[in-house]
There are 2 protein chains.
Amino acid sequence: MKSTNLYKGSLITIILKLLNEHDSMYGYEITQKVKEITKDELQLTEGALYPALHKLEAQGLLDVEVIKIGNRVRKYYKLTEAGTKETVDKLAELESYIRNMRALVNPKFRLE
Amino acid sequence: MKSTNLYKGSLITIILKLLNEHDSMYGYEITQKVKEITKDELQLTEGALYPALHKLEAQGLLDVEVIKIGNRVRKYYKLTEAGTKETVDKLAELESYIRNMRALVNPKFRLE
DNA sequence: AATATATACATAATTTTCTTATGCATAAAA
DNA sequence: TTTTATGCATAAGAAAATTATGTATATATT
């Protein structure tokens, strides 16, 4: 990632959600999609992305399929069933996080 | 902090905003205020909070005043002028973060 | 034809930020 | 009187990132 500290801890959520939406993606594709959606405001760094993908795979949340494009290799990742469940949890955590941060920084959102 | 990874990197923003709103607070008071606002969903840990306060003070963003309550000590922190400016920046970063994360996880929010 | 940029993966060293554990001490409640 | 709450602090370790490299092919540019 290349941005403010706030993105620390968000990478897994981002990866899972994009895979949830696009079914199958490879690493470089994920970096480009994030750049596109955030209009260059968030740039995933390879040093963060690849280890994160490996970790998710090791946890059984992603399956990987290696494809040769000409002489080059691509690794396509997709969610496992466990990965899909985890995505739901991570998205709920994000909503909770945003709700709490809004309440903390904006008294208007401190309801009931 | 005691919660999901998402809160990583948010502590400074939280501290600055609460001090911006309350003028002067001490460490323990900040932990209680955060608990109250988030209904126990976010608990600041002392191991994170106190070093963060010391760091902000060292950076010239906070001033400290030591008060004796009976035989006990409290350290009241308040924003310096630089601290007030930094608060504005941090809040803008948070809004940007939330906007980008919303766009990433919710295709509906991907407006030009 | 040569060179720069884009595509595509990977890992190691270091830094940042936090958790967990511990320590000291007083005040209030059970 | 013993637990809980108040109030500060720091050190060891873990987690997650940044930064710096490395390898290699494909495409654009000069």
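Just so it is clear, the model here is predicted, and its values are computed rather than measured. Side chains are part of it too, since the values below use all heavy atoms of this structure and drop only hydrogens, waters and symmetry mates. Chain letters run A, B, ... following the sequence lines, proteins first and then strands; every chain starts at 1.
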Participant: Rounding to a whole Å, what distance do you find between B:M25:CE and D:dG7:C1'?
Facilitator: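 So the two atoms are 14 Å apart, to the nearest Å.
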Participant: Between atom OH in A:Y7 and atom P in C:dT15, what is the gap in whole Å?
Facilitator: 25 Å
Participant: Could you give the CZ-to-P distance, from B:R74 to C:dT26, as a whole number of Å?
Facilitator: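 Roughly 16 Å, once rounded to whole Å.
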Participant: Using whole Å, report how far CD of B:Q43 lies from P of D:dT6.
Facilitator: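 In whole Å, D:dT6 P and B:Q43 CD are 12 Å from each other.
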Participant: From the options D:dG7, C:dA10, C:dC18, select the nucleotide whose nearest atom is closest to the side chain of A:E46.
Facilitator: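 Between D:dG7, C:dA10, C:dC18, the one nearest the side chain of A:E46 would be C:dA10.
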Participant: In whole Å, what is the span from the CG atom of A:L49 to the C1' atom of C:dT7?
Facilitator: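 Computing the A:L49:CG to C:dT7:C1' distance gives 14 Å.
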Participant: Apart from B:V88 itself, what residues make up its hydrophobic cluster when side-chain heavy atoms of I, L, V, M, F, W and Y under 4.5 Å apart count as a link, directly or indirectly?
Facilitator: none
Participant: Of all heavy-atom pairs between A:E29 and A:S24, which one has the smallest distance, and what is that distance?
Facilitator: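 Nearest pair, atom of A:E29 first, then A:S24: OE1-O, 4.1 Å.
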Participant: Find which nucleotide of DNA chain C each of A:R72 and B:N71 is nearest to by heavy atoms, and output the residue with the more 5' nucleotide.
Facilitator: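 Closest to the 5' end, via its nearest nucleotide, is A:R72.
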Participant: To the nearest Å, how far apart are B:I69 CD1 and C:dA28 C1'?
Facilitator: 15 Å
Participant: Could you give the CG-to-P distance, from B:L44 to C:dT17, as a whole number of Å?
Facilitator: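 Interatomic distance, CG of B:L44 to P of C:dT17: 16 Å.
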Participant: Among D:dA17, C:dA8, C:dA10, which is the nearest nucleotide to the side chain of A:H54?
Facilitator: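 My answer, after comparing the listed nucleotides, is C:dA10.
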Participant: Nearest 0.5 Å, what's the OG1-NZ distance between B:T80 and B:K85?
Facilitator: 9.5 Å
Participant: If you compare every side-chain N and O of A:Y50 against the phosphate oxygens of C:dC9 (OP1, OP2), does one of them come in below 4.0 Å?
Facilitator: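 Checking C:dC9 against A:Y50, a side-chain N or O does come within under 4.0 Å of OP1 or OP2.
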Participant: Whole angstroms only, please: what is the OH-P distance between B:Y28 and C:dA28?
Facilitator: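 Rounded to whole Å, this separation is 13 Å.
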Participant: For A:K55, which contact category applies under a 4.0 Å heavy-atom criterion: base, sugar-phosphate, or nothing?
Facilitator: sugar-phosphate
Participant: So which one's nearest nucleotide on DNA chain D is more toward 5', B:N5 or B:G47?
Facilitator: B:G47
Participant: Kindly check if the number of other-residue, nucleotide or ligand heavy atoms within 6.0 Å of CD (B:E65) is above 12?
Facilitator: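 Not buried by this count: 12 neighbours or fewer within 6.0 Å.
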Participant: Of all the choices, C:dA8, C:dT17, C:dA27, which nucleotide is nearest to the side chain of B:K8 once you look at every atom?
Facilitator: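 So the side chain of B:K8 is nearest to C:dT17.
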Participant: Look at B:E21 together with A:R110 and state whether they make a salt bridge at an N to O cut-off of under 4.0 Å.
Facilitator: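 The answer is yes: the pair qualifies as a salt bridge.
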Participant: Of B:Q32 and A:G70, whose nearest nucleotide on DNA chain D comes first from the 5' end?
Facilitator: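 Nearest-nucleotide comparison on DNA chain D picks B:Q32.
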